[in-house]
Every structure is written in C-alpha cells, then in structure tokens.
Amino acid sequence: MRASLVAYVTRMPLLTSAPRVRFAPSPTGYLHVGGARTALFNWLFARKYHGQFLLRIEDTDKARSTDESTRAIFEGLTWLGLDWDEEVVYQAQGLAQHQRDARLLLDRGHAYRCFCTAAELDAQRKAAGARGDSFRYDRRCDRLAPDEVQRRVDAGDPFVLRFRVPNGTTSWDDVVHGPIAFPNKDIEDFVILRSDGTPIYNMAVVSDDIAMAISLVMRGDDHISNTPKQILLYDALGHALPRFAHVPMIHGLDGKKLSKRHGATAVADYRNEGILPSAMVNFLALLGWSPGGDREVMALDEMIALFSTDGLQKKAAVFDTKKLEWMNGQHLSLTPSTALEPRVTPDLVASGLASAEDLSAKHVWYLSLIDLLKVRARTVHDIVRQAAPYFPGPLSYDEDAVAKQWKDRAAAHDVLSSVRKCLSELTDWQTTPMEEALRTLAETRGVAAGKIFQPLRLALTGMTVSPGIFDVLVTMGRELALRRIDDAVRYLEVDQHLLT
RNA sequence: GGCGGUAUCGUCUAGGGGACCAGGACGGAGCCCUCUCAAGGCUCAAACACGGGUUCGAAUCCCGUUACCGCUACCA
C-alpha cells in the first residue's frame with residue numbers, strides 16, 4: 001500500500017497531463033535502427049498515455065542535412081507504423097527563437113561574450129594535452145572589463161556567446177537510470193551561440209523542447225552528458241524541467257556501437273531484405289525493453305498495452321540478426337495471407353513469375369499458395385524463391401538434388417513414369433485419393449513411400465525440400481503437375497541417350 | 001587523462017533480500033513427429049565480472065577493483 005503510493009507519487013509528473021514526447025533525428029543519412037527504436041519507445045509511451053508523439057527534424061547542420069534523408073526518415077517511420085502528431089518541426093526554422101533565448105540569457109547575465117578564436121582555443125587545448133592536463137575554458141573573456149567588451153563589440157570583433165555555468169551540482173532523476181549528478185565544476189562554460197549567430201546544439205534543443213512543450217525527453221544515453229548543460233539552460237531561462245529518460249544504445253555483435261561495418265543499419269535495408277514491419281518493430285522493442293515475464297511475439301497494439309518505462313533496460317543491447325530472422329518467421333506465420341499479399345506481389349512480379357493481373361485472376365489460389373509457403377519462410381524473399389515451381393515457367397533442377405535423387409537414372413525414369421500413369425488415372429485431384437494411389441504404388445513396387453516421394457518432389461519443384469508432396473501436387477494443379485513429371489521423364493530419357 | 005554510465009548463459013532478457021543448485025527466447029546439440037525442409041513438441045550444454053562488506057540469509061543492498069560504452073568542438 002505504502003509502496004504503491006510512493007510509486008504513484010513519483011510517477012505523477014509523467015501522468016498529471018497528457019505527455020508530449022518527441023523524436024528528433026538529424027537528416028544526415030537514413031533512419032538508423034537505433035533511431036527507429038528510440039522513436040518506437042517514444043511512440044509507445046505517447047500512445048500508452050494518450051499523449052502526443054512529435055517529430056522534429058534537426059536540420060541545423062546545413063552541410064550534412066538533405067531532403068532525401070528527411071524523406072527517408074518519414075518513410076521509415078511510416079513503414080514501421082509509427083505515426084506522429086501535429087506538424088513536423090524543422091529546427092532550422094526555429095532560428096529566431098533560439099537567438100531570442102540566447103539573447104535573453106545574455107541580458108539576464110547567464111551568458112557572456114567570448115572573443116577567443118577557434119585557433120586560440122585549439123592552441124590552449126593542445127598545450128593542456130601536452131602537459132597531460134584536461135582542458136576546460138578558463139573564462140578569461142568573462143573577466144573582461146565592460147568597457148573593453150563594448151570597445152571590441154564596436155570594433156566589430158567576432159564573438160560567441162558562452163553560458164556562465166554556476167557553482168553547485170546539477171542532477172536529475174532519470175526515468176531509466178535513477179538519480180544522476182554532475183558537479184558543475186566539471187562543466188565548462190559552453191558555447192550557446194556561434195560567432196555567426198547560429199545556436200549550438202544544446203541551445204537549440206532546449207529552446208525547441210520548451211517551445212514544443214515537451215514533458216518527457218526520451219533519447220539515447222549518449223546524451224547523458226548533454227543533460228546537465230540542458231538543465232542549466234532550462235533553469236537560466238526560468239522554465240520548468242521536463243523529465244528525462246535515457247535509453248541504452250544498440251551495439252553490433254562485437255560490442256561496439258552499431259555501424260555500417262556491422263552490415264545493415266538502416267531500417268530500409270531490412271525492408272528490402274524481406275523483413276515485415278511488424279517483426280522489425282517487435283524485435284526492436286525487445287532490444288532494451290521487456291514487458292516482464294516471457295512475452296516475446298507481440299503486435300504493436302499489444303506493445304502499447306504492455307509498455308512501461310519500468311521495463312526499460314540500462315545496458316546496451318547487441319543487434320542479433322539471427323533473432324530478427326526468427327522473429328520475422330514468426331510474424332510471417334502469424335500474418336494472414338491477405339495481409340501478406342500486398343507485400344509479396346511486387347516481389348513476385350519483379351521476379352517475372354507472374355503479372356499482377358495473373359495473380360488477381362487466380363486470387364484464391366494465390367492466397368492458398370502464400371499460406372502454403374509462409375510457414376517455412378523467414379523472409380518475404382523465401383516465399384518468392386519457393387513460389388517458382390507453382391507457376392507455369394520452366395524449371396531447373398538443383399544439381400545436388402539430381403545427383404542424390406535421380407542417381408540411378410533408369411530407376412528414376414521408371415518410378416516417375418509409373419507415378420505419372422498412376423496420377424493421370426485419378427478422377428479426383430485431391431490429397432486423399434492421391435495419397436492412397438501413391439502409397440499403393442509404393443507397396444506394389446515393394447519400396448518405401450519416400451523412395452517415390454523424393455524423386456517426384458524433385459520432378460515437381462526442382463528441389464529436395466518443399467511442402468508436403470500432396471500439398472504441392474494439389475496446389476500445383478493437375479495440368480502443371482503432370483507436365484512437370486513429363487518434363488522430368490523426358491529429361492531423364494535425353495540424358496540417358498547422351499550418356500550411352 | 002577528466003567526467004558520466006553499465007555489468008545475469010555466445011546473444012536478447014526474467015528476477016529487485018529467502019519462492020533460484022537462477023526461468024524464458026534466439027543460436028547450438030540431440031530426440032519425437034515425418035515423404036523432404038520448415039513449423040511444432042520434448043531433452044541437453046550454457047550465466048549472476050571480481051574482491052570485500054551489511055545480513056540468520058545476497059544475483060538482488062553498500063564499497064572498492066576490473067572491463068566495456070558514452071561525452072570531453074564555434075558537430076548533432
């Protein structure tokens with residue numbers, strides 16, 4: 001009772017009103033899986049507590065930002081099913097507000113002009129490094145006499161605005177880490193406005209988060225050391241603090257921050273590799289979050305219901321593509337063929353197996369084909385790869401399969417010929433009569449059923465692996481199936497002549 | 001170097017003083033099912049970083065050590 005009351009009270013700031021969270025990527029590449037996961041956690045939180053999930057594009061670095069990247073971020077989020085509320089905010093458009101806030105800080109005595117040049121600072125840093133000391137700006141410009149400052153301003157000397165870090169300690173109660181404290185003496189008087197008048201990251205972020213009325217800042221834990229600076233800015237601006245939640249990073253198999261050399265890092269890469277968005281989102285959610293207990297395979301709405309910041313992990317997680325593929329296999333099996341169809345069709349058409357018109361003409365059959373193949377597929381590509389035999393085009397036989405199943409060509413020819421005869425006599429092209437007929441055939445020939453099924457499987461699919469042989473036969477249809485057997489028989493004949 | 005963060009099977013994690021010779025999942029090994037491959041079912045191997053405390057009792061709380069990660073720009 002007491003404990004739950006305490007838990008309730010500490011959670012109050014999160015729940016007193018509808019929370020407003022944001023995802024704030026910089027458009028300098030593609031939507032990274034790490035960013036996608038941060039977005040997901042924010043989205044889940046907003047949806048769970050009926051708040052707003054906002055999107056802010058941090059495009060202040062004009063040299064690196066591109067419209068293409070911005071589009072990729074929109075597309076990635078949309079593909080994952082993460083919709084955002086209100087208009088997208090572009091940080092560059094907040095410039096005037098950032099400058100007003102920085103100016104306010106100067107006017108209120110929380111910031112001062114610094115005339116030190118980048119080159120001078122660089123030299124000081126190097127000198128400190130050479131002595132083995134750690135460098136921190138020595139506040140020399142804060143000691144300039146007022147008339148001297150005025151003189152240099154009038155002279156047109158370039159200057160930056162530095163924040164005057166007060167004495168004391170800056171701390172906050174992080175939603176995932178608990179209390180974190182930084183002694184202010186370790187924080188240097190950081191720049192808030194460049195000499196060209198543009199804001200530095202921490203200034204812009206705080207200014208924007210205030211303007212957007214963000215109540216919970218949830219971001220990667222690489223921002224932990226930015227947080228005390230931002231808190232100082234909120235205080236100096238006289239604005240109440242949001243809550244902060246720092247979620248862990250995603251690493252590659254080698255324990256290092258996930259990067260290009262670990263393979264695919266963009267969510268678009270996984271879409272191209274045949275991963276379902278539902279699987280991607282499920283997998284990402286479990287990287288750094290757990291609903292508690294043994295729950296693993298979940299849909300987005302189940303995750304919303306189960307989401308809680310209590311389940312957030314402090315430790316960095318390793319991105320394991322093996323588990324992603326397994327997860328995708330699970331989602332493939334669980335997703336009805338009607339929902340899979342729009343995803344499979346373009347790939348199937350691109351592979352040249354069928355046209356979109358063909359597929360819609362035999363829609364019911366097509367859906368049953370997807371249902372047949374999805375169970376043993378781990379990606380959408382697996383489905384397409386396995387689909388070929390069921391379409392009328394020519395088949396090529398897998399070399400190893402031929403060596404194994406049709407090793408004795410004469411015998412294979414014989415088996416397939418009798419199978420062909422046996423099947424062609426069937427009046428009802430259904431599993432039960434087929435199975436009866438073929439098993440009887442095996443019996444009369446005195447061989448195990450598998451000795452017939454395997455050569456037949458190769459004739460029908462060109463491979464040694466496929467769904468159950470009767471499912472293959474039924475799905476393929478009488479005409480195509482018999483034709484494939486004929487082709488195999490002919491192949492075996494021709495080959496024998498060539499050999500003799 | 002300074003500051004901050006983190007530490008449970010190879011990986012994702014459950015657990016939050018006794019219910020734990022630590023549970024689930026991926027991956028691995030094996031068995032069952034079986035016409036093959038998947039799926040599914042069952043079984044096995046596999047972890048509390050280390051050292052000190054506190055306590056009747058520690059994976060859980062405290063301290064230290066180690067390792068790893070992040071930050072340390074007029075980048076974001």
Side-chain angles (χ1 to χ4, degrees), chain A residues 24-26 28 58-61 63-65 91 114 116-118 121-122 125 128-129 131-136 158-162 174 177 180-183 185-188 190-202 204-205 220-228 246 248-249 251 253 255-257 283 286-297 311 313-327 329-330 333 373-378 382 386 401 405 435 438-439 442 448-454 456-458 461 463-470 472:
Chain A
S26 45
T28 54
E58 306 212 322
D59 55 349
T60 49
D61 187 344
R64 291 194 294 160
S65 301
Q91 189 162 62
C114 171
C116 298
T117 66
L121 259 13
D122 227 43
R125 240 187 299 272
R131 288 194 306 273
D133 291 345
S134 57
F135 175 76
R136 195 166 308 117
F159 59 85
V160 300
L161 248 37
R162 278 186 190 272
D174 196 275
H177 291 270
I180 300 180
F182 283 78
K185 65 173 176 54
D186 292 325
I187 306 170
E188 75 171 354
F190 55 95
V191 175
I192 55 175
L193 214 58
R194 296 187 187 90
S195 49
D196 67 358
T198 60
I200 231 61
Y201 174 74
N202 285 312
V205 165
D221 66 15
D222 49 341
H223 285 289
I224 285 179
S225 37
N226 279 323
T227 306
H246 289 96
M249 306 267 82
H251 287 172
L253 253 5
K256 297 268 194 307
K257 193 171 158 183
F283 174 72
L286 259 21
L287 235 43
W289 173 70
S290 164
D294 298 336
R295 278 304 288 283
E296 290 221 289
V297 180
Q313 196 78 20
K314 296 186 185 75
K315 184 183 66 164
V318 174
F319 194 93
D320 181 4
T321 46
K322 279 274 181 22
K323 187 150 187 178
L324 205 212
E325 281 169 17
W326 167 80
M327 184 67 82
Q330 295 291 310
S333 295
L373 300 179
K374 72 180 190 183
V375 189
R376 69 209 75 224
R378 291 213 144 187
D382 289 340
Q386 295 177 73
Q405 299 303 336
E435 179 153 15
L438 290 185
R439 288 201 187 273
K451 294 289 182 203
I452 288 184
F453 296 162
Q454 279 303 88
L456 174 57
R457 169 170 284 114
L458 176 53
T461 67
M463 299 178 273
T464 52
V465 304
S466 82
I469 198 73
F470 306 110
V472 173

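Here is the naming used below: chain letters follow the sequence lines, and residue numbers restart at 1 for every chain. Since the model is a prediction, treat every value here as computed from it, not as a measurement.
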Are OP1 or OP2 of B:U36 and a side-chain N or O of A:R376 less than 4.0 angstrom apart?
-> no

Mind checking the SG-CZ spacing from A:C116 to A:R162? Nearest 0.5 Å is all I need.
-> 6.5 Å

Choosing from B:A76, B:C37, B:G5, which nucleotide comes nearest the side chain of A:S26?
-> B:A76

Which nucleotide in B:A76, B:C74, B:C3 has an atom nearest any side-chain atom of A:D61 = B:A76

Is the phosphate of B:U6, meaning OP1 or OP2, less than 4.0 Å from a side-chain N or O of A:H177?
-> yes

Any strand is fair game: report the nucleotide pairing with B:A49 by Watson-Crick or G-U wobble, both distances under 3.5 Å, or none.
-> B:U65

Would you please indicate if the ring centroids of A:F190 and A:Y201 are separated by under 6.0 Å?
-> no

Who are the side-chain hydrogen bond (donor to acceptor under 3.5 Å, both in side chains) partners of A:D382, not counting sequence neighbours?
-> A:R385

Does any donor-acceptor pair link the side chain of A:S225 with the base of B:C3 at a separation under 3.5 Å?
-> no

Nucleotides 42-46 of chain B: which of its N/O atoms have a protein N/O under 3.5 Å away?
none

If you look at every heavy atom in A:F319 and A:L324, which pair is closest and at what distance?
-> CZ-CD1, 4.3 Å

Letter by letter from the 5' end, nucleotides 24-32 of chain B scores (B base, S sugar-phosphate only, - none; protein heavy atoms under 4.0 Å) BBSS-----

At a cut-off of 3.5 Å, list every protein nitrogen or oxygen paired with a nitrogen or oxygen from nucleotides 63-69 of chain B, distance to 0.1 Å.
from: B:C69; atom 1: OP1; to: A:K256; atom 2: NZ; distance (Å): 3.2

Could you tell me which residues satisfy side-chain hydrogen bond (donor to acceptor under 3.5 Å, both in side chains) with A:N226, sequence neighbours excluded, listed by chain and number?
-> A:N202, A:H223

Out of B:C35, B:C37, B:C12, minimum distance to the side chain of A:V318 belongs to B:C12

For A:T227, enumerate each residue passing the side-chain hydrogen bond (donor to acceptor under 3.5 Å, both in side chains) test, keeping only those at least two apart in sequence or located in another chain.
-> A:R219, A:H246

Please determine, for the side chain of A:E188, which listed nucleotide (B:A73, B:U36, B:A7) has the closest atom?
-> B:A73

Taking only the side-chain nitrogens and oxygens of A:R125, find out if one of them lies under 4.0 Å from OP1 or OP2 of B:A73.
-> yes

